[in-house]
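Reckoned from all heavy atoms, side chains included, excluding hydrogens, waters and symmetry mates. In each ligand, atom 1 is the first atom listed, and ligand 1 is the first ligand listed. This chain uses plain numbering: 1 for the first residue, then up along the sequence.
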Amino acid sequence: MAAPSISLSLSFFLFLSFHFSSSFSKIPLPFSSSLLLRPQNPPIDSLRHYRTNFFTQILDHFNFNPISYQSFQQRYLINHTYWGGAAENAPIFVYTGNEGNIEWFAQNTGFLLQSAPHFRALVVFIEHRFYGKSIPFGGDEDVANSNSSTLGFLSSTQALADYATLITDLKKNLSAIDSPVLVFGGSYGGMLAAWFRLKYPHVAIGALASSAPILQLENITSPYAFTNIITQDFKSESQNCYRVIKGSWQQIDITSNQPGGPQLLRNSFKFCKEAESESIKNWLYTAILYTAMTDYPTPSNFLNPLPAYPVKQMCKAIDDPTTGNDTFAKLYGAANVYYNYTGTATCFDLDDDSDPHDLGDWTWQACTEMILPTGGNTEESIFPASTWHFADRLHFCKRFYNVEPRRIWIPTHYGGHNIERVLKRFGSNIIFFNGLRDPWSGGGVLKNISSTIIAIVAKEGAHHVDLRFSNPEDPKWLKDVRKQELNIIQDWLSQYYLDLAQY
Ligand SMILES: *[C@@H]1O[C@H](CO)[C@@H](O)[C@H](O)[C@H]1NC(C)=O
Ligand SMILES: *[C@@H]1O[C@H](CO)[C@@H](O)[C@H](O)[C@H]1NC(C)=O
Ligand SMILES: *[C@@H]1O[C@H](CO)[C@@H](O)[C@H](O)[C@H]1NC(C)=O
Ligand SMILES: *[C@@H]1O[C@H](CO)[C@@H](O)[C@H](O)[C@H]1NC(C)=O
Ligand SMILES: *[C@@H]1O[C@H](CO)[C@@H](O)[C@H](O)[C@H]1NC(C)=O
Ligand SMILES: *[C@@H]1O[C@H](CO)[C@@H](O)[C@H](O)[C@H]1NC(C)=O
Ligand SMILES: *[C@@H]1O[C@H](CO)[C@@H](O)[C@H](O)[C@H]1NC(C)=O
């Protein structure tokens, strides 16, 4: 199947483009935003920390049709080094993989491994079906992605059942039936971790759900919340920074339509070739959005290599007095923070639709169950004003996959409405971490629900910053967040071992 090209913001990492164009026939770029990652990134080195295993997983956990019994190889990464072993019922820390290559998530998630020595924990990262190397239908991506009759086996419910099945089998193999399991995840992986605790309480004793927007659902969280937070991030650096970016969209359109305009834009931004204004705006939109999401306090290399506090760095470029009134020079400087921090880009290729982390199948998930409305922009937004319409999603999905999204399936299956009231007397042992600079925090659980369903909120934090490998330069608030999380996990484990001694 061809790479999707749509004009909807669908995903955590693949904002498959922007609302500048409302017609599907003339959509900007597929994955235009997938400029997310360029070849400038070093290759992933997962073998440094983990051994790779494969588990024979069943295709369909919920039916007993002949096809349900087909199997596929599911990848997981494992590190035994610190494990206290089955004899002492030492814990098992499991990362519930999200929508991409699990090695990439493992590389950007040090919290499990770094806390493993203290807890004498086994560390496991499980890859989500249909991503990375965990491809059903003989591992053949072309077949797996053919159409809805193959992609139909890609869902969050199947993924959770995969995790339950794999964890149970792993414990059996290790003779570690009584070892407590804790699940961890960030972003969509955090949603899965929280839901896993609610649906499989007999498999996991607790969950750390980091930046998990389980409330980013229709009629629960406003579709404007997401871009309001991005706007606020840039405003908090400087009003001028906000104003320049906000004014730039129209200026790009105007210039683009002038004689010599496309050439001027190409030169100003060092594009490899002339580009349409829609593509240029998507390219900038991507840079601004992902920089806000990954506004980490230390240099990082998640979506792209970035300096510490990259939003501040972008605004520094925009506020630079030496560029005077030259909006394009300012934006070029800002774009360089996101696309060229390593200084190796010779020109910017807006046609690049590479998908190095294998995130593409999120589009299917966004067309079936994952309706996470984020595309609304108020008049105040740093982006042009726009409204989010379910109908846009519907039309796209009909056209692209010939499927209709099941609009209320997620809140029906997992809940979401009145979550405080519901979970107050149901469920336990979940930590919801959110950093308020992260646009996804608008759909996060930001209030304590009970004494064991805890919200940790860091106003300076970005997207699952707590789960990243620690850095000596980490600010105090981040160290404190991690300490608090570890203390809570310690409490859960102590409680578990007391129960184990008793029953
Ligand atoms: C587990 O991780 C630690 C810390 O990175 C590393 O020293 C060790 O070699 C790893 N073990 C395996 C089996 O990869
Ligand atoms: C869907 O894809 C499968 C596997 O490639 C193929 O066998 C089947 O004929 C396709 N179905 C439709 C309706 O195109
Ligand atoms: C458990 O052991 C069996 C037999 O060796 C193996 O086939 C299976 O993949 C193992 N399970 C896991 C989760 O590795
Ligand atoms: C910048 O723009 C303002 C208002 O348009 C104008 O007054 C000023 O002279 C300009 N400065 C430069 C350096 O072009
Ligand atoms: C990337 O950064 C380097 C070093 O600052 C610079 O020489 C180069 O022109 C930049 N590339 C682009 C496309 O702007
Ligand atoms: C949200 O509310 C509107 C207005 O009441 C309704 O039309 C729409 O179907 C609702 N959407 C969901 C997913 O419940
Ligand atoms: C939730 O409770 C914990 C103490 O258990 C506290 O540290 C934290 O700040 C509370 N969270 C919120 C959002 O009030």
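Interatomic distance, Q484 CD to D466 CG, rounded to the nearest 0.5 Å: 11.0 Å.
In terms of N/O distances under 3.5 Å, ligand 7 is approached by Q484. Note: an N/O pair closer than 3.5 Å links A455 and ligand 7 by distance alone. Ligand 2 has no nitrogen or oxygen under 3.5 angstrom from a nitrogen or oxygen of T150. At a 3.5 angstrom cut-off on N or O pairs, F348 does not count as close to ligand 5. At least one N/O-N/O distance between Y332 and ligand 5 falls below 3.5 Å.
Atoms of ligand 5 lying under 4.0 Å from any heavy atom of N340, numbered from 1 in the order shown and given with element: 1 (C), 2 (O), 3 (C), 8 (C), 10 (C), 11 (N), 12 (C), 14 (O). Short contacts between ligand 7 and L446, defined as distances under 4.0 Å to a heavy atom of the residue, involve ligand atoms 13 (C). For ligand 5, the atoms lying closer than 4.0 Å to a non-hydrogen atom of T346 are 13 (C). Residue S149 has at least one heavy-atom neighbour below 4.0 Å for each of these atoms of ligand 2: 1 (C).
Contacts of N336 with ligand 5, taken as heavy-atom pairs under 4.0 Å, involve the side chain alone.
When hydrogens are left out, the protein atom nearest atom 5 (O) of ligand 2 is S146 OG, 2.8 Å; that is the closest non-hydrogen contact. In this structure, the protein non-hydrogen atom closest to atom 3 (C) of ligand 5 is G343 O, 3.5 Å. Here the protein heavy atom with the shortest distance to atom 2 (O) of ligand 7 is N448 ND2, 2.3 Å. If you check which protein heavy atom lies closest to atom 11 (N) of ligand 2, you get N147 ND2, 2.8 Å.
The protein reaches atom 9 (O) of ligand 5 closely, with a heavy atom under 4.0 angstrom from it.
Among all heavy-atom pairs drawn from L467 and Y95, the shortest one is CD1-CE1, 4.3 Å.
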Show the numbers, then the answer: is there a salt bridge (charged side-chain N to carboxylate O under 4.0 Å, His left out) between K312 and E237? CA-CA 6 Å; K312 189 178 289 305; E237 300 299 343; 3.0 Å; yes
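Annotation: side-chain contact (heavy atoms from CB on, under 4.5 Å) contacts of L182 (sequence neighbours excluded): F93, F184, I205, I489, W492, L493.
In this structure, a donor-acceptor pair under 3.5 Å is present between the side chains of D60 and S68.
By the 30° and 60° cut-offs, the orientation of the rings of Y338 relative to Y290 is parallel.
R482 forms no cation-pi arrangement with F111, by the criterion of a distance under 6.0 Å to the ring centre and an angle within 45° of the ring axis. Taking the ring centre of Y242 as origin, the terminal cationic atom of K235 falls inside the region bounded by 6.0 Å and 45° from the ring axis.
Remark: distances from the non-hydrogen atoms of F269 to ligand 5 are all 4.0 Å or more.
The backbone N or O of H61 sits less than 3.5 Å from a side-chain atom of Q158, completing a donor-acceptor pair. The backbone N or O of S156 lies less than 3.5 Å from no partner atom in the side chain of W195, so there is not a single donor-acceptor pair.
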